[in-house]
Amino acid sequence: MWDRITHTMEFMKPDVLKWTGAVIGAIMAWWAGLTAIAQALLLVQGADILTGILCAVTGKSPKSQSGRVSAKALTMGVIKKGLEWLVASICIRVGGALEMDGIGGAAMTYMIATELVSLLENLQIFGLDIPVLRRILDVAQGDRDE
């Protein structure tokens, strides 16, 4: 019995390594093909999702009444990010058709700014109070008294 398991594992190991390498290679090629602004948008979106989940796991999320993990809030957040990519794709294509390539970049810049506001809110929940970040958040939320 043990010999059969060992033989099966030895048979599978090279294929698993090949497939893992192929997947990692495909992801790296896809990532390298993105523009810098698209990479930045993905990074900010990922950081926002991660900090949002951490807020919920620690019971500090403003997205649910209990402050805990909410499948609805997570689903809506992911849908929002997907829709941002739909809008960005449309802007890139329309901008290309109109020979105005900056339209896609402008849309992604706006999306990065809104994602940064959400990220800064999540960081403040954890007590990360960096004056520059707090000032950016205040300006983004319309508090311009200072």
Side-chain angles (χ1 to χ4, degrees), residues 5 8-146:
I5 293 172
T8 302
M9 292 302 288
E10 288 175 5
F11 178 73
M12 287 177 51
K13 188 176 180 179
D15 286 340
V16 170
L17 291 175
K18 287 178 188 175
W19 278 104
T20 302
V23 168
I24 291 171
I27 291 170
M28 295 300 290
W30 172 77
W31 177 261
L34 293 175
T35 61
I37 195 159
Q39 290 176 350
L41 179 57
L42 277 175
L43 287 172
V44 174
Q45 286 179 327
D48 182 44
I49 289 172
L50 176 64
T51 57
I53 290 171
L54 290 173
C55 286
V57 167
T58 58
K60 299 177 180 181
S61 175
K63 303 284 183 175
S64 67
Q65 288 182 344
S66 66
R68 306 296 295 168
V69 176
S70 165
K72 181 180 178 182
L74 180 60
T75 302
M76 291 307 294
V78 171
I79 288 171
K80 176 188 167 238
K81 285 161 185 26
L83 290 173
E84 286 178 345
W85 278 100
L86 175 65
V87 170
S89 299
I90 291 169
C91 288
I92 290 167
R93 290 294 172 209
V94 169
L98 298 174
E99 297 181 6
M100 298 173 66
D101 294 332
I103 292 175
M108 285 190 272
T109 301
Y110 172 78
M111 291 171 201
I112 288 170
T114 61
E115 291 293 335
L116 281 172
V117 169
S118 178
L119 178 61
L120 293 173
E121 289 170 343
N122 292 343
L123 292 175
Q124 280 191 334
I125 288 171
F126 284 107
L128 184 62
D129 189 27
I130 301 170
V132 172
L133 297 180
R134 185 174 8 99
R135 182 68 186 127
I136 292 170
L137 184 58
D138 289 343
V139 169
Q141 291 176 334
D143 182 17
R144 301 177 189 199
D145 295 338
E146 296 179 14

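A quick note: this is a predicted structure, and the numbers were derived from the prediction, not measured.
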Side chain to side chain contact (heavy atoms under 4.5 Å, CB included) filter on T75, not counting sequence neighbours, yields I79
Flag the pair I49 / I53 as yes when at least one side-chain heavy-atom distance between them is below 4.5 Å, and no otherwise. yes
Heavy-atom nearest pair, L42 first then W31, reads CD1-CZ3, 3.8 Å
Please set out all donor-acceptor pairs under 3.5 angstrom arising from side-chain atoms of residues 103-110, sequence neighbours excluded.
from, atom 1, to, atom 2, distance (Å)
T109, OG1, G105, O, 2.7

CD of E115 to CG of L43, rounded to nearest 0.5 Å, is 12.0 Å
Separation between CG (L86) and SG (C91), nearest 0.5 Å, reads 9.5 Å
Item checked: Residue pair L116 / I112, side-chain heavy-atom distance below 4.5 Å -> yes
Residues pairing under side chain to side chain donor-acceptor pair (under 3.5 Å) where one sits in residues 43-60, two or more places apart or in two chains, turn out to be Q45-E84, Q45-W85, D48-K81, D48-S118, D48-N122, T51-N122
